[in-house]
Amino acid sequence: MNDFEQLADYVFKGNAAAVKDLTQRMVDGGGNPMEIISNGLLIGMDIVTPKFKAGDMYVPEVMMSAKALSEGMKIVKPLLTGSEISVTKTILIGTVSGDLHDIGKNLVVMILESGGFNVVDLGVDVSPEKFVAAIKEHNAKIVGLSALLTTTMLNMKATIELITEEGLRDSVKVLIGGAPVSQSFADEIGADGYCADAMAAKEMATALLN
Ligand code: B12
C-alpha cells in the first residue's frame, strides 16, 4: 500500500490518530495538500458512502470515519492556496431557533466536508436573522436547516421567509433535514430539497451546485 492508499484505509477504518500522523508525515515530506485530500482522505470516505447505503456500516462507524477525515483535513486545509479554496463551495448549516439537537447536523457537516465543501457550522438555536447575516457574510450557495422537534420545524419556514424578504432567495439553495421533516414539508415551505440522511445531503448539495 502506498501512503495515499494507507491514508484512505485509515479514514475508512475510522483511525483518527493514524490519519493525523500519516497526514502530517505526508505534509512534512512535501506532499501536495490537494492531492492528499483528493487521492487519500476523500477516497477513504468514498469507500464508506456505498457501504453505509448498503447497510454494511452504521452511523457510529460513519462518524468515526468522518472524525478521522476531519483530523486530516485540519492539517491540510490551511495549506490550500487561494485558488484551490475558491473552487470549494460554501455551505452554511445550523439547527433552527429553539432547537438544541445537533448530533445529526454534526454528522451532515462531517460528511459534507468529506465531499470537499467548505462548511460553516452556525451551531444550534440559530435565528432567521443569524442565518441571513451569515449568508451575506459568507456568500453561501447553500444553506442547510436542521430541526428535530415538531415545534421548531416551523422555524424553518420563518427562516426561508426572512431569506426571501431580504432578497437572497434566488442566490441561495435551501436544504432541510431532521427526523420530523419530509419532502412534502419541504415543498410546503418552499425549500429546494429534503434529505433523509447525511449521505443524501452530500449528493443533493453536489447536484444543486452543478
Ligand atoms: C439525542 C436527543 C436529544 C438530546 C440532544 C443532544 C444533542 N446534542 O443533539 C437532548 C437530551 C439534549 C434532547 C433534548 C430534547 N429532546 Co430530544 N431527542 C434525542 C433523540 C433521542 C435522538 C436524536 C438524534 O440525535 N438522532 C440521531 C441523528 C443521527 O439523526 P437525525 O438527527 O435525524 O439526523 C439525520 C437526518 O435527520 C439528517 N439531518 C439532520 N439534520 C439535517 C440537516 C440538513 C440540512 C440535512 C440535509 C439533513 C439533516 O441527517 C442526519 C444524519 O444522517 C431523539 C429521538 C430520535 N430517535 O430521533 C429525541 C427527540 C428528537 N427529542 C425530543 C424531545 C421532546 C426533546 C425535548 C423537548 C425533551 C425535553 N422535554 O426537554 C428536549 C428539547 C431540547 C431543545 N430545545 O432542543 C422528541 C421530539 C418530539 C417531537 N415530535 O417534537 C424526540 C423525537 C424523542 C421522543 N420520541 O419524544 N434530545
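Counting convention: from 1, in listed order, for ligands and their atoms alike. Because the structure is predicted, anything quoted here is derived from the model rather than measured.
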Exercise for the section: Could you tell me whether V108 and ligand 1 have an N or O pair separated by under 3.5 Å? Expected result: no
For A196, the ligand 1 atoms with a heavy-atom partner under 4.0 Å come out as 36 (C), 37 (O), 38 (C)
Within 6.0 Å of CG in D170, more than 12 heavy atoms from elsewhere: no
Exercise. Examine distances only and state if a side-chain atom of E5 and a backbone atom of N2 form a donor-acceptor pair shorter than 3.5 Å.
Key: yes
Worksheet item: Do any N/O atoms on C195 end up under 3.5 angstrom from N/O atoms on ligand 1?
Response: no
Nearest non-hydrogen protein atom to atom 82 (C) of ligand 1, with distance, is T150 OG1, 3.6 Å
### Message
I'd like to check atom 78 (O) of ligand 1 in this structure: does the protein have a heavy atom lying under 4.0 Å from it?
### Response
yes
Looking only at heavy atoms, the pair that brings K67 and E71 closest together is NZ-OE2, 2.8 Å
| said: For E165 and L162: C-alpha separation, side-chain torsions, deciding distance, then whether side chain to side chain contact (heavy atoms under 4.5 Å, CB included) applies. | reply: CA-CA 5 Å; E165 271 172 39; L162 190 63; 3.7 Å; yes
Checking contacts now, so for atom 22 (C) of ligand 1, which I'm interested in, is there any protein heavy atom under 4.0 Å? no
Min over G193, G104, A179 of heavy-atom distance to atom 33 (O) of ligand 1 lands on A179
Closest non-hydrogen atoms of L112 and K202, given as atom of the first, atom of the second and distance, are CD2-CA, 3.7 Å
Smallest heavy-atom separation, M57 atom then F52 atom, equals O-CD1, 3.4 Å
A student checking ligand 1 against S146 at a 4.0 Å heavy-atom cut-off should list atoms 40 (C), 41 (N), 42 (C), 43 (C)
Notebook entry, point to check: Has P180 got any heavy atom lying under 4.0 angstrom from an atom of ligand 1?
Noted result: no
Minimal heavy-atom distance between D125 and L100, with the atoms involved, is CB-CD2, 4.1 Å
Min over G178, G94, A205 of heavy-atom distance to atom 40 (C) of ligand 1 lands on G178
Quick note, side-chain hydrogen bond (donor to acceptor under 3.5 Å, both in side chains) partners involving residues 147-158, not counting sequence neighbours, are D99-T152, K157-E161
Of all protein heavy atoms, the one nearest atom 53 (O) of ligand 1 is A198 N, 3.1 Å
d(S146 OG, L175 CG) to nearest 0.5 Å is 11.5 Å
For A200, does its backbone N or O pair with a side-chain atom of D197 as donor and acceptor, under 3.5 Å?
yes
re atom 8 (N) of ligand 1, the protein heavy-atom contact at minimum distance is D102 OD1, 2.7 Å
Smallest heavy-atom separation, A201 atom then C195 atom, equals CA-SG, 3.5 Å
Notebook entry, point to check: Is D197 in polar range of ligand 1, meaning some N or O pair under 3.5 Å apart?
Noted result: no
Near G98 (heavy-atom distance under 4.0 Å), the atoms of ligand 1 are 76 (C), 77 (N), 78 (O)
for atom 76 (C) of ligand 1, nearest protein heavy atom and its distance come out as L100 N, 3.5 Å
If we number the atoms of ligand 1 from 1 as shown, the ones under 4.0 Å from a heavy atom of L175 are 45 (C)
Residue, atom and distance of the protein heavy atom nearest atom 1 (C) of ligand 1 read I103 CD1, 3.9 Å
Numbered in order shown, the ligand 1 atoms found under 4.0 Å of a heavy atom of A201 are 47 (C)
| query | Hey, is A200 one of the residues with a heavy atom under 4.0 angstrom from ligand 1? | reply | no
Inset, instruction - Starting from the C-alpha separation in whole Å, work towards a yes-or-no answer on side chain to side chain contact (heavy atoms under 4.5 Å, CB included) for V19 and L7. - result: CA-CA 6 Å; V19 168; L7 192 59; 4.1 Å; yes
| query | Is V59 in contact with ligand 1, taking contact as a heavy-atom separation below 4.0 Å? | reply | no
So CZ of R25 and CG of D3: to nearest 0.5 Å the spacing works out to 7.0 Å
Protein-derived N, O or S atoms sitting under 2.8 Å away from atom 17 (Co) of ligand 1 total 1
If we number the atoms of ligand 1 from 1 as shown, the ones under 4.0 Å from a heavy atom of D99 are 78 (O)
shortest atom 44 (C) of ligand 1-to-protein heavy-atom contact is with G177 N, 3.6 Å
query: Within 4.0 Å of atom 36 (C) of ligand 1 (strictly less), any protein heavy atom?
result: yes
State whether any protein heavy atom lies less than 4.0 Å from atom 88 (C) of ligand 1.
no
>> For the CE atom on M64, are there more than 12 heavy atoms of other groups (residues, nucleotides or ligands in this structure) within a distance under 6.0 Å?
In response: no
Regarding T95 and D102, do their side chains bring together a donor and an acceptor under 3.5 Å, going by distance alone?
no
CD1 of I93 to CG of D121, rounded to nearest 0.5 Å, is 6.5 Å
Quick note on ligand 1: atoms under 4.0 Å from a heavy atom of G144 include exactly 45 (C)
Requested in this report: Take atom 71 (N) of ligand 1 and look for protein heavy atoms under 4.0 Å from it; say yes if you find one, no if not.
Outcome: no
Output for pair (M45 CE, L42 CG), nearest 0.5 Å, gives 9.5 Å
Is V119 close to T90 at the side-chain level, that is, under 4.5 Å between some pair of heavy atoms?
no
Between F12 and I47, the two heavy atoms sitting closest are CD1-CG2, 3.9 Å
